[in-house]
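Inspection log for the structure reproduced underneath, given as structure tokens.
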Amino acid sequence: MGAVETAQTVHQAASTDDDETAIRAIVYGYYKAVNDSRWDDVVACFHPDATLHIPGQEPKVGTEEIRRFYEAHGRHSVKHHDDVPLLMIEGNRVLTLVEHHGVGRGGEPIHFWTTGVVTIDNGRFRQYRVIFDTMALPQWMRERKGSSAEAAAPSP
């Protein structure tokens, strides 16, 4: 059975949103898809009108905006892996602690911690809110944002 078919089976099993085993499978399946850069499978974890909240950015609403975010993530962090040492469930809400390791386009190492809060609705992500300390982000990200702001500024 392929990854998409497996995800659909798990989503059907979790349709009551109170099966902790199925909810764990959905969330861990999402992180496995992210780690494998399988963006179709990542997007399949979200409702068509879901929201993705990333600190310092406008919310991504709907699967097309969510897909664009993950594809850009894959381009900036060419090698990436999210470890999930903690996953807690309360009803249909999931809290994760994630350690992100990666390598940027220039070969620089990327490492930071995030927390995620996921609301599961009918076996899919209704909302995913990523939380991290923006001051703890790697220097490459601050420099990239700084150069983007400088490029957008009008010349004197």
Side-chain angles (χ1 to χ4, degrees), residues 1-106 108-134 137-138 140-141 144-145 148:
M1 191 180 307
V4 172
E5 292 83 10
T6 302
Q8 290 170 345
T9 302
V10 170
H11 290 156
Q12 290 169 353
S15 62
T16 61
D17 295 329
D18 61 1
D19 180 343
E20 284 197 16
T21 301
I23 289 172
R24 285 181 190 282
I26 290 167
V27 174
Y28 284 128
Y30 157 82
Y31 283 107
K32 173 74 171 126
V34 169
N35 287 339
D36 294 344
S37 300
R38 290 184 285 111
W39 308 131
D40 288 338
D41 292 342
V42 169
V43 171
C45 292
F46 289 86
H47 279 278
D49 61 346
T51 57
L52 172 64
H53 300 267
I54 306 295
Q57 298 181 19
E58 291 293 319
K60 295 6 173 190
V61 180
T63 52
E64 288 309 309
E65 283 188 34
I66 291 169
R67 175 186 301 280
R68 282 192 294 275
F69 169 80
Y70 282 102
E71 289 173 347
H73 167 71
R75 285 191 300 273
H76 294 295
S77 185
V78 294
K79 292 183 183 177
H80 52 90
H81 185 82
D82 289 339
D83 291 315
V84 185
L86 178 66
L87 186 147
M88 298 173 13
I89 300 172
E90 178 67 36
N92 70 334
R93 307 261 304 181
V94 180
L95 176 90
T96 60
L97 176 63
V98 178
E99 184 176 15
H100 178 83
H101 298 275
V103 176
R105 287 188 296 202
E108 67 279 6
I110 302 168
H111 178 253
F112 58 90
W113 288 88
T114 69
T115 299
V117 180
V118 179
T119 303
I120 303 288
D121 176 24
N122 201 27
R124 286 190 164 58
F125 291 20
R126 174 63 62 197
Q127 182 183 81
Y128 181 27
R129 185 172 297 275
V130 177
I131 304 163
F132 55 82
D133 179 358
T134 55
L137 283 179
W140 69 269
M141 183 174 275
R144 186 171 57 84
K145 286 186 182 244
S148 297

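Both backbone and side-chain heavy atoms feed into the values below; hydrogens, waters and symmetry mates do not.
- To the nearest 0.5 Å, atom CG of residue L86 and atom OG1 of residue T115 are 8.5 Å apart.
- Between G74 and H80, the shortest heavy-atom contact is CA-NE2, 4.4 Å.
- Judged as a side chain to side chain donor-acceptor pair (under 3.5 Å), and not counting sequence neighbours, the contacts of T119 are R93.
- Screening residues 48-57 for salt bridge (Lys or Arg N to Asp or Glu O under 4.0 Å), with sequence neighbours left out, gives D49-R126.
- Annotation: ring-ring contact (aromatic ring centres under 6.0 Å, His included) contacts of H47 (sequence neighbours excluded): none.
- Looking at every heavy atom in both residues, L97 comes nearest to P85 through O-CD, 3.0 Å.
- Relative orientation of the Y70 and Y30 rings is perpendicular, given thresholds of 30° and 60° on the angle between their planes.
- Evaluation of the salt bridge (Lys or Arg N to Asp or Glu O under 4.0 Å) rule for K32 yields D36 as partners, not counting sequence neighbours.
- Remark: H101 pairs with H111 by the ring-ring contact (aromatic ring centres under 6.0 Å, His included) rule, at least two apart or across chains.
- In this structure a side-chain-to-backbone donor-acceptor pair under 3.5 Å is missing from R105 to V78.
- Interatomic distance, CZ of F46 versus CG of L52, reported as 5.5 Å (0.5 Å rounding).
- In this structure, the side chains of F69 and I66 stay at 4.5 Å or more apart for every pair of heavy atoms.
- Nearest heavy atoms, E65 versus K60: OE1-CA, 3.4 Å.
- When all heavy atoms are compared, the tightest approach of F132 to P55 is CE2-CD, 3.4 Å.
- Using cut-offs of 30° and 60° for the angle between ring planes, the Y128 and Y31 rings count as perpendicular.
- Separation of atoms CD1 (I89) and OG1 (T21) is listed at 8.0 Å; rounding is to 0.5 Å.
- Atom CD1 in I131 sits 9.0 Å away from atom OG1 in T96 (nearest 0.5 Å).
- Across all non-hydrogen atoms, the minimal contact from D82 to N35 is N-OD1, 2.6 Å.
- S77 and I110 make their closest contact through OG-CD1, 3.7 Å (heavy atoms, listed as atom of the first residue, atom of the second, distance).
- Applying the side chain to side chain contact (heavy atoms under 4.5 Å, CB included) criterion to V43, with sequence neighbours excluded, gives T63, R67.
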